[in-house]
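Below is one structure; the comments refer to it alone.
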Amino acid sequence: MLDLRLIRERPEGVARALATRGGAEADRVKHVLAADARRRARVKEADDLKAEHNQASKEAGRQYRGNIPEDVREAMRARSDRIKALDDEIRGIDEEIAQQMLDIPNLPHPSVPVGASEADNPEVRRWGTPRDFTFTPKAHEELGEALGLLDFERAAKLAKSRFTVLWGPAALLERALSQFMLDLHTREHGYTEVWTPHLVSGDTMLRTGQLPKFEEQLFKTVEPDDSRTLYLIPTAEVPLTALHGGEFLAEATLPRRYVAFTPCYRREAGTYGKDMKGMIRQHQFDKVELVKVTTPAQSYDELESMVKHAEEVLRRLDLPYRVVELCTADIGFNAAKTYDLEVWLPGQGKYREISSCSNCEAFQARRAEIRYRPAGGGRAEFCHTLNGSGLAVGRTLIAVLENYQDADGSVTIPQALRPYMGGLERLTALAQ
RNA sequence: GGAGGGGUGGCCGAGCCCGGUUGAAGGCGUCCGACUCGAAAUCGGAUAGGGGCCCAGAAGGUCCCUCGGGGGUUCAAAUCCUCUCCCCUCCGCCA
């Protein structure tokens, strides 16, 4: 959520910045502005009336000691009713404003390149050299199925498409990757590991910006009675960021650096036909997620280091990748600035997203009311929140399969993972 | 599922039976000052959040709202009624 005060003070600037994202949200600024003006007029009216009423009420109590004459009562009741009516009206306007505000995306940071589509995302750097294959590298789904390790048919039988069953060493590889990443981030990068609920309330989803706008992307529970429905998390960003919702953090305890391994559940509505083969785009996938809660002053330094932390995973696995900066048209709803990590997939012959690291500035903190108290005293301020994949485990598994495949269809296990796989050096066809 | 207890300011905790002078005692924490070479201890003071208006703005002033959330009673509600959410304890059940 944006700061309403900012909209009030610099409406054209906000509208202009929003327009670079390409959506129609800039128009909402006008509506908010108009509603806000109406609201303030009503609030003033109501407040004046309340001041009068409170004063009179106190005096009446003191003066009549409980025996208030009927005519005085009558007058007071009338005023009380008028106040109630005004409050109702204000509440209506508040809802109108909130509804608009909740759908307005974050403002891109001034450094974010203006662009019209993902084609305008500039490459920041590249690491590693794609391997020179002496044979035609296979796509992971072909490779995995041939080895009997990836099973899409049975997954579809169990659930539907966009699910995968991992057999034997592939399941182990998924687990090894997860643990490798967690160890790296907790032991070397200073993150605290957190285990959270995977089902969260609608309020939590609202706080981190998933609701109300992206409801169709979420899986949710169906409750037998009228009790609250819960949503399956689409990313651990949700529970990790909302962790400190409504809290005041001491500045000395910032930045908070959290890492969580969780499954992620996404409906992938509107992506029919996209990435239908293999396990690139799934309804369920594992991810090691990094989240930071910082002060505004250090949030952009923290973004740079977070990207480095995610990159380190790929470096240790010796997987070629590049870093791109998302342009205004491509950054997500919550983000002010985002870097994507794209790993080289020989089977597709291109770089594919494997991590996305964003600084959301105060956008989520304002929704979730995550504040900090400045060290030198003074009023509490909203924190800045950041999140990044470190990394998407399923896609990392794909990258390992494709980059480490050999001519005979087997796959070499990267050195860094062997300790996590009982010393296993190679994936070969699973006999069964 | 049954029975009971509770949700108050950054934190802890009183107030609720007997509605008004309590936006809220006390403690902790934090900040400022004194003392000190410095610190601790001690002493003095300050310290909820949000919103409106005045002010160019800050400072400051003033008013309004908020005692889990909604609704109600009342001139007046943290205090009474009601619905609801959450937490805790005991019993039962299940893992």
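Here is the naming used below: chain letters follow the sequence lines, and residue numbers restart at 1 for every chain. Just the heavy atoms: all of them, side chains too, but no hydrogens, waters or symmetry mates, feed the values below.
On the C1' atoms, B/A48 is 12 Å away from B/C11, given to the nearest whole Å. For B/C80 and B/G20, the C1' atoms lie 14 Å apart once the distance is rounded to whole Å. Spacing of P atoms, B/C31 relative to B/G49, comes out at 16 Å, to the nearest Å. Taking atom C1' in both B/C81 and B/A77, the straight-line distance is 11 Å, to the nearest Å. Comparing the C1' positions of B/G6 and B/C67 gives a spacing of 14 Å, expressed to the nearest Å. B/U82 and B/G92: their P atoms are spaced 31 Å apart (whole Å). One P atom belongs to B/C86, the other to B/G69, and the distance between them is 15 Å to the nearest Å. Taking atom C1' on both nucleotides, B/U84 is separated from B/G26 by 33 Å, rounded to a whole Å.
Residue-environment remark: CZ (A/Arg315) exceeds the threshold of 12 foreign heavy atoms within 6.0 Å.
Looking at heavy-atom distances under 4.0 Å, A/Arg79 makes no contact with the nucleic acid at all. Residue-level contact check: A/Arg91 touches the backbone only, with heavy atoms under 4.0 Å from sugar-phosphate atoms and none from bases. No contact: A/Arg82 has no heavy atom under 4.0 Å from any strand. Nucleic acid contact for A/Asn54: sugar-phosphate only, since backbone atoms but no base atoms lie under 4.0 Å from a heavy atom of the residue.
Remark: A/Arg40 is not in phosphate contact with B/G52, judged by side-chain N or O atoms under 4.0 Å from OP1 or OP2. For B/G50, neither phosphate oxygen OP1 nor OP2 lies less than 4.0 angstrom from any side-chain nitrogen or oxygen of A/Arg5. In terms of phosphate contacts, A/Arg373 brings no side-chain nitrogen or oxygen within less than 4.0 Å of OP1 or OP2 of B/U30.
A/Arg395 forms no cation-pi arrangement with A/Phe285, by the criterion of a distance under 6.0 Å to the ring centre and an angle within 45° of the ring axis.
Per the geometry, CE belonging to A/Met101 stands 12 Å off P belonging to B/G51, to the nearest Å. Rounded to whole Å, atom P of B/G50 lies 18 Å from atom CD1 of A/Ile97. Put simply, NZ on A/Lys50 is 11 Å from C1' on B/U66, counting in whole angstrom units. Rounding to whole angstrom units, CD of residue A/Glu52 and P of B/C65 are separated by 13 Å. Across the protein-nucleic acid pair, A/Leu249 atom CG and B/G29 atom C1' stand 15 Å apart, rounded to whole Å. A straight line from CZ of A/Arg73 to P of B/U74 spans 10 Å, rounded to a whole angstrom. Rounded to whole Å, the distance from CD1 on A/Ile83 to C1' on B/U74 is 14 Å. Nucleotide B/G10 holds its P atom 11 Å from the CD atom of A/Glu369, rounded to whole Å.
Judged by atom type and distance alone, A/Asp48 does not reach the base of B/G52 through any side-chain donor-acceptor pair under 3.5 Å.
You'll find the ring centres of A/Phe152 and A/Phe163 outside the 6.0 Å limit. Between A/His384 and A/Tyr300, the ring centre distance reaches or exceeds 6.0 Å. A/Tyr191 has its ring centre less than 6.0 Å from the ring centre of A/His309.
For B/G29, the paired nucleotide is B/U47, the pair qualifying as Watson-Crick or G-U wobble because both relevant distances are below 3.5 Å. Of all nucleotides present, only B/U42 satisfies the Watson-Crick or G-U wobble test against B/A34, with each distance under 3.5 Å. Judged by Watson-Crick or G-U wobble contacts below 3.5 Å, the nucleotide B/A3 has B/U89 as its partner. For B/U74, there is no paired nucleotide, since no Watson-Crick or G-U wobble pair has both relevant distances below 3.5 Å. Nucleotide B/G23 has no partner under the Watson-Crick or G-U criteria, as no pair reaches both atom distances under 3.5 Å. Nucleotide B/C94: unpaired (no Watson-Crick or G-U wobble partner with both distances less than 3.5 Å). Using N1 to N3 plus N6-O4 or O6-N4 for Watson-Crick, or N1-O2 and O6-N3 for G-U wobble, each under 3.5 Å, B/G9 pairs with nothing. Across the strands present, B/G60 finds its partner in B/C54; the criterion is a Watson-Crick or G-U wobble pair with both atom distances under 3.5 angstrom.
Between A/Asp151 and A/Lys157, no side-chain nitrogen of the basic residue sits less than 4.0 Å from a carboxylate oxygen of the acidic one, so the salt-bridge criterion is not met. A salt bridge is absent between A/Lys44 and A/Asp47: the closest approach of a Lys/Arg side-chain nitrogen to an acidic carboxylate oxygen does not fall below 4.0 angstrom.
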- Message: Could you walk me through whether A/Arg371 and A/Glu247 satisfy the salt bridge (charged side-chain N to carboxylate O under 4.0 Å, His left out) test, starting with their C-alpha distance in whole Å, then the side-chain angles of each, then the deciding distance to 0.1 Å, before giving a yes or no?
- Response: CA-CA 6 Å; A/Arg371 284 176 274 226; A/Glu247 296 182 15; over 6 Å; no
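Looking at A/Glu95 and A/Gln99, their side chains never bring a donor and an acceptor atom within 3.5 Å of each other. No hydrogens or angles considered: nothing links the side chains of A/Glu361 and A/Ser299 as a donor-acceptor pair under 3.5 Å.
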Distances under 3.5 Å between nitrogen or oxygen atoms of protein and nucleotides 76-82 of chain B:
unit_1: B/A76; atom_1: OP1; unit_2: A/Ser80; atom_2: OG; d: 3.2
unit_1: B/A76; atom_1: O4'; unit_2: A/Ser57; atom_2: OG; d: 3.0

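Comparing A/Ala380 and A/Asp88 against RNA chain B, the residue whose closest nucleotide sits nearer the 5' end is A/Ala380.
When distances run from any side-chain atom of A/Ala51 to the nucleotides B/G49, B/C63, B/G51, the shortest one goes to B/C63.
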